[in-house]
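Just below is one structure, and these are the notes that go with it.
The residues of the chain are indexed from 1 along the displayed sequence.
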Amino acid sequence: MTATYDVIVVGAGPIGAACARELALTGGRVLLLDPGGELGQAWRAAAGMLAPQIEAREEDPMLPLGLAGRELYAGLAASLQETTGIDIGLWQEGIAWAAANEDEAGQLKSKVAWQRQRGHLSDWLDADEVRARWSWLGPTAGALWAPMEGALEPEKLVQALLAEAQLHGARIVQDEVTALEQRGDQVVGVVGRAERYAAGEVVIAAGAWSGGIAGLPRPLSVAPVRGQMAAFPWPRGARRAIVYGHGTYLVARGTEAIAGSTMEYVGFQSEVTSAGLGRLFTGVTGLYPGLNRAEVLRTWAGLRPMTPDGLPIIGAEPRLRGLWYATGHGRNGILLAAVTGLIIRRLLAGEQAVEDLAPFSPARFWDW
């Protein structure tokens, strides 16, 4: 067994990297275990959107957490660039949801209304305003406009978080965790394929693979959901933008239009399929008809860690002291990475979390 650490973080995606960074900033001895490989990792396939208002439903418990996550990124982006020299590509110039017809327009107008009643910046653009801003879009019945929303580049975010964690003393080891180790009701470390690692605190942040770790006190209700995506050329001469509509979205990233994404319960199969891409192309060409004639630059897929109720699992495992969860973030891993890292740091320090965590409690599943 190697040296003892204060905390072991299992998983080196955006959630694990953010947790390791926050914990390293406290001066603790932090070990981050990275299983390695790229196949299926959700963050490598993510569009990187920060869209809590666009995706939220009324009375959605995710909205306050998502807004807190979105607001952290302005300061975090500047801090990461100063300490690591890495620009995570943050831009917050708004996101639109274009209505395909009058029925959808009515639903989106209702969304604008309840969001404004709660003090969130949200607006309705009529069809002429939509056409003036995004002339390349197909016909619409107007659009919801959320001016504070935006995006970043997921790979650069993870790279920067890991770099700063290391600057503050975190150790990163490539090894796949297969089991927990415990003594009585206390976690004492983990077992990797290469060796054992000792620690009094363990944070499970292994995404869709979190539930496969042996020794968990309860089944972990996290399942992989495949999302297939594609990249096309961004409209020549058009300003960068992010637009939802027709059951899909388009995100400008450099010279590309990132299109996504499917939601498929197919286990750990991360390949792209003709059927999935066909559904995706139908949606994106409805949103942007010019893509009918565009070259497909590349296609890929990732496995999102989804829970039965669509909410992440964040907090302490009540049946095993020292075990913490930061997993099940589904489509919101990038949005919630920074705030989840902050929450985990505060929880481990015995401090007040930034938001009400009751909806995300690990005990809400398999509580017998």
Side-chain angles (χ1 to χ4, degrees), residues 46-58 60 62-78 87-100 104-105 107-154 156-157 232 234-261 283-284 286-288 290 331-332 334-339:
M49 286 176 295
L50 309 176
Q53 288 180 243
I54 287 288
E55 301 211 350
R57 305 177 307 277
E58 193 168 4
D60 190 341
M62 278 283 286
L63 181 57
L65 189 67
L67 292 171
R70 186 188 71 189
E71 297 312 307
L72 281 175
Y73 273 113
L76 179 60
D87 179 358
I88 66 172
L90 176 68
W91 56 290
Q92 293 176 284
E93 298 168 10
I95 299 180
W97 187 327
E104 189 176 18
Q107 296 169 17
L108 292 173
K109 287 177 180 178
S110 295
K111 192 168 189 171
V112 170
W114 69 254
Q115 290 196 3
R116 294 180 73 166
Q117 287 169 359
R118 288 162 174 75
H120 308 309
L121 288 177
S122 185
D123 206 353
W124 180 254
L125 307 178
D126 64 29
D128 289 340
E129 290 175 294
V130 173
R131 192 176 305 108
R133 293 191 186 205
W134 305 288
S135 59
W136 45 271
L137 286 177
T140 77
L144 180 154
W145 174 241
M148 303 300 291
E149 310 272 71
L152 54 76
E153 296 186 36
K156 290 184 178 179
L157 172 67
F232 301 87
W234 185 253
R236 186 180 299 275
R239 294 178 57 185
R240 65 183 181 182
I242 305 172
V243 183
Y244 280 61
H246 291 265
T248 186
Y249 55 75
L250 286 170
V251 181
R253 187 186 296 169
T255 60
E256 292 184 339
I258 307 297
S261 100
V284 298
L287 186 63
Y288 172 22
R331 295 164 55 95
N332 296 292
I334 299 301
L335 171 66
L336 300 179
V339 71

So [Y] and [X], do their side chains get closer than 4.5 Å, heavy atoms only?
{"X": "Leu50", "Y": "Leu90", "value": "yes"}
{"X": "Glu55", "Y": "Leu63", "value": "no"}
{"X": "Trp91", "Y": "Ile242", "value": "yes"}
{"X": "Ile54", "Y": "Met49", "value": "no"}
{"X": "Arg70", "Y": "Leu335", "value": "yes"}
{"X": "Glu149", "Y": "Pro52", "value": "yes"}

Under 3.5 Å: donor-acceptor pair, side chain of [X], backbone of [Y]:
{"X": "Glu71", "Y": "Ala68", "answer": "no"}
{"X": "Gln115", "Y": "Gln53", "answer": "yes"}
{"X": "Lys111", "Y": "Ala56", "answer": "yes"}

Rounded to the nearest 0.5 Å, how far does [atom2] of [Y] lie from [atom1] of [X]?
{"X": "Asp123", "Y": "Lys109", "atom1": "CG", "atom2": "NZ", "result": "12.0 Å"}
{"X": "Arg236", "Y": "Thr255", "atom1": "CZ", "atom2": "OG1", "result": "10.0 Å"}
{"X": "Leu125", "Y": "Arg131", "atom1": "CG", "atom2": "CZ", "result": "12.5 Å"}

- [ ] Take Val284 and His246, measure what side-chain contact (heavy atoms from CB on, under 4.5 Å) needs, and give me the verdict at the end.
- [x] CA-CA 7 Å; Val284 298; His246 291 265; over 6 Å; no

Heavy-atom pair of closest approach, residues [X] and [Y]:
{"X": "Ile88", "Y": "Leu157", "result": "CG2-CA, 3.8 Å"}
{"X": "Ala98", "Y": "Thr140", "result": "CB-CG2, 3.9 Å"}
{"X": "Gln92", "Y": "Ala74", "result": "OE1-CB, 4.3 Å"}
{"X": "Ala241", "Y": "Trp134", "result": "CB-NE1, 3.6 Å"}
{"X": "Leu287", "Y": "Gly245", "result": "CD1-CA, 3.9 Å"}
{"X": "Ala105", "Y": "Ala141", "result": "CB-O, 3.7 Å"}

TODO: Kindly indicate, with the supporting measurements, whether the criterion side-chain contact (heavy atoms from CB on, under 4.5 Å) is fulfilled by Glu256 and Val251.
DONE: CA-CA 8 Å; Glu256 292 184 339; Val251 181; over 6 Å; no

TODO: Look at the aromatic rings of Tyr249 and Tyr244 and report parallel, tilted or perpendicular, splitting at 30° and 60°.
DONE: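 Aromatic pair Tyr249/Tyr244 classed tilted.
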
TODO: Indicate the ring-plane relationship of Trp136 and Trp234, choosing parallel, tilted or perpendicular according to the 30° and 60° boundaries.
DONE: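 Ring orientation, 0 to 90° scale: perpendicular.
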
Open item on the list: Can you list everything that forms a salt bridge (charged side-chain N to carboxylate O under 4.0 Å, His left out) with Arg133? Sequence neighbours excluded, please.
Closed with: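 Counting only residues at least two positions away or on another chain, Arg133 forms no salt bridge (charged side-chain N to carboxylate O under 4.0 Å, His left out).
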
Task: Atom CZ of Arg118 with >12 non-hydrogen neighbours under 6.0 angstrom - done: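 Result for CZ/Arg118: enclosed.
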
